[in-house]
2 protein chains.
Amino acid sequence: MKIKLVKASELKSEILKKLYYENALSCAELSVLFGKSLPIIMKAINELIDEGFVVEVGYAPSSGGRRPLNYAVKADAMYIMAIAMDQLSTRIAIVDLCNRPVAEVEMVELLLNNNAVALDKLIEYINAYILKTGIAKERILGIGIGMPGFVSAADGINYSYLDAHGQSLNEYIFSATGLPTYVANDSSVIALAEQKFGVAKAQEEVMVINLGWGIGLGMIVKGEVFRGYDGFAGEFSHIPLFEDGALCICGKQGCLEAEASMLVVVEKAKEGIKQGRLSTLQSVIDDPLKLMGDAIFEVAATGDPFVIELLSDAGYKIGKALAILIHIMNPKTIVLSGRGAKGGKIMMAPIQLALNKYCIPRLAANIEILISELGFDGEIIGAAVLVMENFDQEKLIINTKRIQMNI
Amino acid sequence: MKIKLVKASELKSEILKKLYYENALSCAELSVLFGKSLPIIMKAINELIDEGFVVEVGYAPSSGGRRPLNYAVKADAMYIMAIAMDQLSTRIAIVDLCNRPVAEVEMVELLLNNNAVALDKLIEYINAYILKTGIAKERILGIGIGMPGFVSAADGINYSYLDAHGQSLNEYIFSATGLPTYVANDSSVIALAEQKFGVAKAQEEVMVINLGWGIGLGMIVKGEVFRGYDGFAGEFSHIPLFEDGALCICGKQGCLEAEASMLVVVEKAKEGIKQGRLSTLQSVIDDPLKLMGDAIFEVAATGDPFVIELLSDAGYKIGKALAILIHIMNPKTIVLSGRGAKGGKIMMAPIQLALNKYCIPRLAANIEILISELGFDGEIIGAAVLVMENFDQEKLIINTKRIQMNI
DNA sequence: TAAACTTAATAAATTATTTTAATATCTTTC
DNA sequence: GAAAGATATTAAAATAATTTATTAAGTTTA
C-alpha cells in the first residue's frame with residue numbers, strides 16, 4: 001500500500017480516520033502507512049487515547065518478534081447520524097464509530113418529487129430521531145445524507161430535489177439542527193461504503209452500480225470517490241444506449257434506466273401477468289411498488305421462469321452499458337449494489353454475455369464483477385463514511401473538548 | 001491553486017518540474033505552492049543554481065512591494081528525446097527544457113502493423129538521430145514515446161505493436177540506447193501536452209480527443225492523466241455506439257472509429273468523388289493517404305461543400321460519443337486535438353448539435369469545447385512531458401554529476 | 001515627496017522530526 | 001530449552017523545518 005502524505009498538523013485526525021476504516025492497527029503499521037517516524041505516531045496515539053478517541057485492543061499475533069499492541073477507535077467516543085434517502089422513503093440511523101446502529105433504524109415515508117416541504121419534513125424527522133434516541137447532539141460528529149438527484153457534494157446542493165432556495169443543504173440543515181451536515185448523491189455514497197467496508201475494500205478502480213428504482217453509478221478512481229467537475233459524474237442511466245428504446249422520464253429515448261431499472265422490471269412483470277404469463281408473482285400483483293420489488297427477488301430465488309427472464313433481460317442491457325463504462329474507465333472491479341443487488345446472482349450470466357459481445361476482449365478479460373454484501377445497509381454505512389471523510393483536525397479539537405466536558 | 005504535498009527529500013526535483021511546467025516562478029510563489037517555508041525553498045533554489053539546473057531570469061512586476069526575483073530552468077541544462085509514433089510514421093526530436101527542438105524534427109516511415117522488426121528499426125532511428133545531432137547521451141534526460149495501441153505505461157508494454165517478447169519496452173529500449181525510456185499511449189501523451197502546455201493548461205477535468213486515423217481519448221482526472229487499472233482507460237473509439245454501423249477493424253459493428261475517424265472521412269471522400277460528387281479534392285484523389293488527409297483540411301477551409309458535409313457528419317457522430325463521455329465523466333473541458341484538430345472548427349457546430357440532442361441539458365450546459373493550439377506538435381511535447389513526469393530526486397542527482405563533469 | 005504600507009530575502013531562534021541506541025518481548029532454531 | 005534473530009516500544013541525541021525578527025526594495029497615498 002502506498003504511503004499517504006499528510007501535513008503534521010493533520011496527522012492525528014488522519015490517524016483516527018485510518019483507524020475508523022481499518023478497525024485495528026499498531027503503531028508500527030501506522031508509521032509505514034503515513035511514512036512518519038514511530039515516536040511521532042506514538043505521541044499522536046497517546047494523545048488520542050488521553051483525549052478519549054482511541055483505545056488499546058490487545059496484541060496482534062507476532063510476525064517473528066515482540067507482539068504489536070493494536071489500537072482502535074473508541075466506538076462510543078462519538079456518534080454519526082447516517083441518512084439514506086430514495087424517492088419514496090428515507091432511513092435514519094445513528095451509528096457509533098464501528099458503524100453499528102445505536103438505536104433502531106427508522107424508515108419514514110418522504111416523497112421527494114414535487115414536494116416543497118420535503119426538506120423541512122426531513123429536518124423534523126432528524127430532530128425527532130435524535131430526541132427519541134436520547135443521544136446528546138454534542139456527541140454527534142455530524143450528519144451524512146445520501147440522496148438521489150443531481151447533487152453537488154462540494155456545494156451541498158441538490159438540483160433535483162430538496163430545494164433550499166439556492167442555499168447549500170449542508171448549511172441549511174446545519175443551522176436547523178446544529179450538526180455539521182454533508183450531502184452527496186446516493187450512488188456515490190454507496191460506492192464509498194463498498195470501497196471502505198464492502199467487497200471493494202481498499203481497491204483503487206471500482207465502478208459501483210446502484211441497482212434501484214433507477215440505475216445509478218458511483219465511481220472510485222485512484223482510490224477516491226470521483227464526482228467530476230460539477231459533481232455530476234456517473235450519470236450512467238441516461239446515456240444514449242438503444243436506438244429506439246422506451247421513452248424515459250428524462251425526456252429522451254433509449255436510456256438504460258428506461259429499459260432495465262427495477263421500476264421497469266416491476267412494470268413489465270405486472271404487464272406480463274395481466275397478459276397471462278404464469279408466475280408465482282400473481283399473488284402480489286396489486287401490492288405497492290416496494291413490496292412487489294421485494295417479492296421479485298424472493299420469487300426469482302425460487303426459480304420462477306418469468307421473473308428470471310425479466311431479470312436476465314435487464315441484466316443483458318445493463319451489461320451493454322457496462323461494456324461502455326469498461327471501455328472508458330478500465331476498472332478493476334464492478335460491484336452490483338443497491339437494493340437490487342439481491343438479483344445480482346441471476347443477472348451475472350446475461351451481464352457476462354453482453355460483455356463478451358460488446359467489449360474488446362482484452363478489456364473484459366480481467367474484470368471482476370462482485371455482488372455487494374452490504375446490500376441495503378450500504379447507503380447507511382456510506383452516509384456515515386461521508387461524515388468521517390470530512391473529519392479533520394479542527395473537528396477533532398472541537399470534539400475533544402466535548403468529550404472532556406463529559407457531555 | 002491547491003498546495004502540493006511533497007516529501008522533503010523530493011523537494012528539489014519537484015521544484016525543477018514545477019519550473020519546467022510554469023516557466024518562471026519566484027521563491028515566494030514556490031513557497032506557497034509547496035506549503036514550505038521560504039528559507040527551505042531558498043536553499044533548494046540556490047542548490048539548483050549551483051548544480052546548473054536553474055537560472056535567475058530577472059524581476060517580476062511588483063504587486064505592491066519588493067519585486068520578486070524569478071527563476072527558471074536553464075533551458076540547455078539537459079535535453080529530452082521526444083518521439084511521436086503513429087501506425088505509418090514516426091517523428092523523432094530532441095528538445096531542450098523549454099520544449100524547443102534543438103535539431104530538425106525527423107519524420108521516418110515505420111509501419112507498426114505486423115512488423116516484427118519495427119522495434120529494432122525504431123532503436124536504430126533513435127541512435128542514428130542522436131549521433132546526427134551530436135548531443136552527448138549523458139546530456140539527455142530520457143526518451144519519451146507516444147504510440148498507438150493498448151499500452152500499459154506502468155509496465156512499459158504495448159500489447160498491440162512493437163512486441164519486445166513480453167519484455168518491457170522501457171527496459172528494452174533502455175538497454176539498447178542507454179537512456180531511460182518511458183512509453184505511453186499516444187492519446188494520453190497528447191492529453192499530457194494539452195494539460196501542461198496547451199489550451200487545457202492546469203485544468204483538473206479534461207477530456208482530450210485525439211482526432212487521427214483512429215479516434216483516441218486521453219483523460220485528465222483530478223489534474224492527472226488517468227489510465228485505469230490496466231492502463232487501457234479511454235478506449236473510446238470502440239464503444240458500441242451505432243446499432244447497425246460499419247464493420248470495424250476490431251471485429252465489432254457500430255464503433256465510433258469505423259464511422260467518424262479521418263480514415264473513414266478520406267475513404268468516403270474518395271468514394272463520393274468516384275460516384276460523381278463535385279469537390280476540389282478531385283485533383284488529389286490518387287495521392288497517398290497522408291497527403292489526402294492534409295488536403296481535406298485545406299479544402300474544407302476554402303468552403304468545399306462536399307468535404308464540409310463529410311466533416312459535419314463525422315462531427316455529429318463524435319458528438320454523440322462525447323455525450324456518453326460527458327454523462328460518465330462530467331468534465332469541465334473537452335479538447336479536440338491530434339492531426340484532425342484542424343477540422344475542429346467545422347466540426348464544432350455538429351458536435352454541439354449532437355450534445356443538445358443526446359445530453360441531459362444540465363451536463364452539456366457548462367461544457368467548454370476547445371480546439372488544440374499545439375496541433376501536430378502536441379504528441380512531441382507530450383512525449384517530452386512524459387519524461388519530466390518521471391523525473392525524480394534520484395535522476396536529479398545522477399544528472400547533477402553529469403553536468404558538473406561538463407559532458 | 002515623504003510617510004505608511006506591501007512584499008521579498010536573509011539571519012537567528014525556536015520548534016518539530018527523524019535517527020540512533022537501548023530495552024522489552026516474542027519466534028525460531030540448533 | 002537456551003541462544004540467536006526479529007519485531008515493538010521507549011528514550012536520548014542529532015538533524016531539519018518553521019517561526020520570528022530584521023533588512024531591503026518597491027508602491028501608494030496624503
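Just so we're on the same page: letters track the sequence lines, and every chain starts at 1.
Applying the salt bridge (Lys or Arg N to Asp or Glu O under 4.0 Å) test to K36(B) and every residue at least two apart in sequence or in another chain returns nothing. Residues forming a ring-ring contact (aromatic ring centres under 6.0 Å, His included) with F34(A) (at least two apart in sequence, or on another chain): none. For E10(B), the side chain to side chain donor-acceptor pair (under 3.5 Å) test picks out S13(B), with sequence neighbours left out.
Counting heavy atoms from C-beta outward, Y21(B) and V385(B) have side chains that approach closer than 4.5 Å.
Comparing atom distances between the P39(A) side chain and each of dT10(C), dT9(D), dA11(D) picks out dA11(D) as nearest. With dT9(D), dA8(C), dT10(C) as the choices, the nucleotide that has an atom nearest any side-chain atom of C27(A) turns out to be dT9(D).
Remark: P of dT18(C) and NZ of K7(B) are 11 Å apart, rounded to the nearest angstrom. Between the CE atom of M42(A) and the P atom of dT19(C) there is a distance of 18 Å, given to the nearest Å.
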Between protein and nucleotides 14-17 of chain C, what N or O pairs are separated by less than 3.5 Å?
none

Produce the list of close N/O pairs, under 3.5 Å, pairing protein atoms with atoms of nucleotides 22-26 of chain D; give distances to one decimal.
residue : atom : partner : partner atom : Å
dG26(D) : N2   : G64(B)  : O            : 3.3

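Taking the centre and axis of the six-membered ring of Y20(A), the NZ or CZ atom of K18(A) falls outside the cone set by 45° and 6.0 Å.
With hydrogens and angles disregarded, no donor-acceptor distance shorter than 3.5 Å links the side chain of N70(A) to the backbone of Y59(A).
Separation of atoms CD1 (I80(A)) and CG (L179(A)) is listed at 12.0 Å; rounding is to 0.5 Å.
For residues 218-229 of chain B, every residue pair satisfying the side-chain hydrogen bond (donor to acceptor under 3.5 Å, both in side chains) rule, not counting sequence neighbours, is listed here: K222(A)-E224(B), E224(A)-K222(B), S188(B)-R227(B).
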